[in-house]
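Counting starts at 1 for both ligands and their atoms, in listed order.
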Amino acid sequence: MPPAIHSNRDAQTFDVVVIGGGHNGLVCAAYLARAGLTVKVLERRAIVGGAAVTEEFHPGFRNSVAAYTVSLLNPKVIADLELHRHGLKIVERPAMNFLPLPDGGYLLTGDGRTKAEIAKFSPKDAECYDRYSARLTVVADTLRELALRAPPNVVKGFGWRGLRELVRAASLGNRLRGLDLEAQRLLLDLFTKSAAEFLSEWFESEPLKALFGFDSIVGNYASPFDPGTAYVLLHHAFGEVNGKKGAWGHAIGGMGAITQSMAKAAAEHGVEIETGAEVAEVLIERDRVVGVALKDGRIVRGRTLAANVNLKLLYTRLLPEQSLPPPFLERMRNFKCGSGSFRMNLALSELPSFTALPGKAAGAHHGAGIIIGPSLAYMDKAYRDALAHGWSREPVVEMVIPSVLDDSLAPPGAHVASLFCQHVAPELPNGRSWDDAKEEVADLMIATVDRYAPGFASSVVGRQALSPLDLEREFGLVGGDIFHGALSLNQLFSARPMLGHADYRGPIGGLYHCGSGAHPGGGVTGAPGHNAARAILADLKPFSSSSL
Ligand SMILES: Cc1cc2nc3c(=O)[nH]c(=O)nc-3n(C[C@H](O)[C@H](O)[C@H](O)COP(=O)(O)OP(=O)(O)OC[C@H]3O[C@@H](n4cnc5c(N)ncnc54)[C@H](O)[C@@H]3O)c2cc1C
């Protein structure tokens with residue numbers, strides 16, 4: 001039923017109303033207010049942060065509920081918004097990744113040990129590793145730079161918008177031409193090949209390919225043998241922690257510490273943030289947005305709107321159908337959302353002891369991203385199983401135990417673990433509901449870790465499980481998609497969310513995209529929020545000196 005609207009003619013009209021207080025909404029709002037605009041953020045949940053929040057999930061145990069590890073957060077955003085001054089502290093993991101194997105072997109990477117560890121499996125791969133890292137770094141550097149630029153947008157005709165896009169395309173071309181030929185070839189490989197094909201050209205050892213290949217299926221409901229998966233691997237490689245490229249880390253206090261620092265920065269610049277404020281409808285007059293109607297019936301007026309919510313949700317649920325060009329709406333309905341993710345938070349009485357590396361005293365491997373997924377073939381089988389059955393009976397799980405690095409999350413001696421489980425179907429076959437299957441799948445995920453760390457299951461004293469359906473209900477992530485839409489070639493760069501709308505502007509006057517459905521896509525980056533703020537400022541304050 002549409003909300004009963006309470007018109008309030010004396011209410012303030014904000015320059016910008018941001019729909020959703022996820023990290024990108026907060027970043028966008030902070031930049032705009034810093035430039036002197038009046039900005040209001042409306043967030044449906046009781047706390048801001050979207051998928052980057054810390055909450056108590058079991059008495060005495062807090063954890064990053066959804067997103068759980070940090071790397072992609074853009075250093076410019078951290079510096080511009082002074083997030084460290086607002087309380088953000090990020091620490092590096094003591095080891096990057098730990099891949100225990102069924103035969104008791106393992107691979108433990110990071111902190112100077114990677115080459116020696118790889119040599120255990122293949123001296124040839126160890127030789128190749130430096131060259132691979134150097135090559136990937138060059139390409140990741142380019143991607144990192146492109147993350148803060150609007151991609152060239154496809155526009156009709158040769159007006160000023162056409163000219164602007166021509167300049168943008170030329171500048172992108174120049175940037176890419178700046179890469180040597182081999183790097184350009186590598187970039188093409190990464191955009192077109194499967195992760196399996198790409199990695200097999202460099203390495204022979206299955207555990208190593210599994211360790212690197214895991215990044216290609218994180219939040220990507222696909223087999224690592226599917227073309228295009230190599231790009232997702234690259235997407236996870238363009239981050240850094242405290243200036244260390246490619247590293248992953250932990251925000252003290254959990255991912256919520258990132259968004260709390262962003263909210264503080266935004267508030268300091270004058271942003272009004274309201275939680276418990278669910279937008280029910282975008283209001284349009286004479287082909288321009290004029291504000292929103294909240295679920296409680298109130299109206300909040302804005303000269304422009306910046307949508308941080310998933311764009312499929314925005315266009316198929318919050319806008320009147322007849323307000324949108326039919327081809328646009330049809331494409332949006334087909335926008336692929338559904339990353340195949342299942343997320344658990346566990347309260348543990350003790351640290352796990354792995355068969356591959358026994359002992360319950362904290363070791364470097366406990367602070368790593370622990371990957372259960374010993375080979376690319378295992379990952380492929382997991383995906384095929386999920387297609388047929390709804391989830392894989394031998395699933396791929398990444399476990400991170402942040403309490404090893406952060407004693408604010410669990411009582412003394414106890415721990416919290418994040419389980420990020422890949423390859424569950426966004427919707428179950430045969431009309432089965434995730435609400436009916438969730439606990440069975442949660443048991444399976446714990447049992448899967450237990451196979452590599454016997455006794456793990458009995459150390460679990462509390463748990464929270466989030467199925468794709470829960471992720472949609474709780475955070476508005478359509479199909480449970482962690483990235484607000486697949487990172488497939490047809491939904492990236494100039495095609496995100498679709499050709500003609502890559503410049504953060506929607507099809508209705510005054511409506512902007514500031515969430516992960518816009519370039520460069522998902523992850524806790526702050527980049528879409530930053531780039532959308534730039535587009536909004538270009539339109540609202542074209543002659544202002546405040547630039548980003
Ligand atoms: C399980 C999981 C694990 C992940 N792990 C990682 C990780 O480890 N590292 C990483 O970098 N990234 C990770 N990601 C991805 C990353 O968290 C997201 O891509 C990113 O947080 C999205 O940010 P956003 O601001 O664009 O959108 P969101 O965080 O989705 O924010 C959108 C906001 O809009 C609000 N909203 C929805 N509907 C309405 C409405 N009608 N009215 C008002 N408000 C509304 C939502 O409540 C939400 O707060 C993970 C995501 C998930 C779900």
Among all protein heavy atoms, pick the one closest to [atom] and tell me residue, atom and distance.
{"atom": "atom 4 (C) of ligand 1", "answer": "Ala67 CA, 3.3 Å"}
{"atom": "atom 31 (O) of ligand 1", "answer": "Gly22 CA, 3.3 Å"}
{"atom": "atom 3 (C) of ligand 1", "answer": "Ala66 O, 3.4 Å"}
{"atom": "atom 11 (O) of ligand 1", "answer": "Val524 N, 2.9 Å"}
{"atom": "atom 34 (O) of ligand 1", "answer": "Gly20 CA, 3.4 Å"}
{"atom": "atom 18 (C) of ligand 1", "answer": "Ile482 O, 3.2 Å"}
{"atom": "atom 32 (C) of ligand 1", "answer": "Asn308 OD1, 3.6 Å"}
{"atom": "atom 41 (N) of ligand 1", "answer": "Val279 O, 3.0 Å"}

Residue from Val41, Val271, Val300, Leu32 passing side-chain contact (heavy atoms from CB on, under 4.5 Å) with Phe14: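 Testing each of Val41, Val271, Val300, Leu32 against Phe14, the sole residue satisfying side-chain contact (heavy atoms from CB on, under 4.5 Å) is Val300.
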
Identified side-chain contact (heavy atoms from CB on, under 4.5 Å) counterpart of Leu283 within the set Ile299, Val289, Val292, Leu319: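 Going through the options one by one, the only one that passes is Ile299.
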
Would you mind listing which atoms of ligand 1 come within a distance below 4.0 Å of any non-hydrogen atom of [X]?
{"X": "Gly50", "answer": "29 (O), 31 (O), 48 (C), 49 (O)"}
{"X": "Gly522", "answer": "19 (O)"}
{"X": "Leu42", "answer": "43 (C), 44 (N)"}
{"X": "Ser516", "answer": "19 (O), 22 (C), 23 (O), 24 (P), 26 (O)"}
{"X": "Gly515", "answer": "26 (O)"}

Give yes if a backbone or side-chain nitrogen or oxygen of [X] is under 3.5 Å from a nitrogen or oxygen of ligand 1, and no if not.
{"X": "Leu477", "answer": "no"}
{"X": "Ala51", "answer": "yes"}
{"X": "Thr69", "answer": "yes"}
{"X": "Gly523", "answer": "yes"}
{"X": "Arg45", "answer": "no"}

For Glu240 and Lys76: C-alpha separation, side-chain torsions, deciding distance, then whether salt bridge (Lys or Arg N to Asp or Glu O under 4.0 Å) applies. CA-CA 12 Å; Glu240 61 183 81; Lys76 178 174 189 289; over 6 Å; no

Any salt bridge linking [X] with [Y]? Criterion: basic side-chain nitrogen under 4.0 Å from a carboxylate oxygen.
{"X": "Glu274", "Y": "Arg298", "answer": "yes"}
{"X": "Arg44", "Y": "Glu474", "answer": "no"}
{"X": "Asp481", "Y": "Lys312", "answer": "no"}
{"X": "Glu268", "Y": "Lys264", "answer": "no"}
{"X": "Asp141", "Y": "Lys245", "answer": "yes"}
{"X": "Asp539", "Y": "Arg534", "answer": "no"}
{"X": "Arg463", "Y": "Glu439", "answer": "yes"}

Quick one: list whatever passes side chain to side chain donor-acceptor pair (under 3.5 Å) with Asn242, sequence neighbours left out.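 Checked Asn242 against side chain to side chain donor-acceptor pair (under 3.5 Å); zero matches.
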
Could you go through the side-chain contact (heavy atoms from CB on, under 4.5 Å) check for Asp385 and His423 one step at a time? CA-CA 9 Å; Asp385 206 12; His423 292 149; over 6 Å; no

Quick test of your reading of the structure: of [options], whose heavy atom lies closest to [atom]?
{"atom": "atom 30 (O) of ligand 1", "options": "Arg317, Glu474, His513, His484", "result": "His484"}
{"atom": "atom 37 (C) of ligand 1", "options": "Val41, Val309, Asn24", "result": "Val309"}
{"atom": "atom 47 (O) of ligand 1", "options": "Glu43, Arg44, Arg343", "result": "Glu43"}

Once you restrict to heavy atoms under 4.0 Å, what part of [X] touches ligand 1? Side chain, backbone, both or neither.
{"X": "Glu278", "answer": "both"}
{"X": "Leu73", "answer": "neither"}
{"X": "Phe475", "answer": "backbone"}

Residue pairs involving residues 305-324 (criterion ring pair (Phe, Tyr, Trp, His ring centres under 6.0 Å); sequence neighbours excluded):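 Counting only pairs at least two positions apart or across chains, the ring pair (Phe, Tyr, Trp, His ring centres under 6.0 Å) contacts touching residues 305-324 are Tyr315-Phe328, Tyr315-His513.
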
Could you measure the distance from the NE2 atom of His23 to the CG atom of Leu73? Nearest 0.5 Å is fine.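 One finds 7.0 Å between NE2 of His23 and CG of Leu73.
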
How are the rings of Trp434 and Phe342 set to each other: parallel, tilted or perpendicular (split at 30° and 60°)?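 Rings of Trp434 and Phe342: tilted, 30 to 60°.
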
Report yes or no: does a heavy atom of Ala277 sit under 4.0 Å from some atom of ligand 1?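 Under 4.0 Å: yes for Ala277.
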
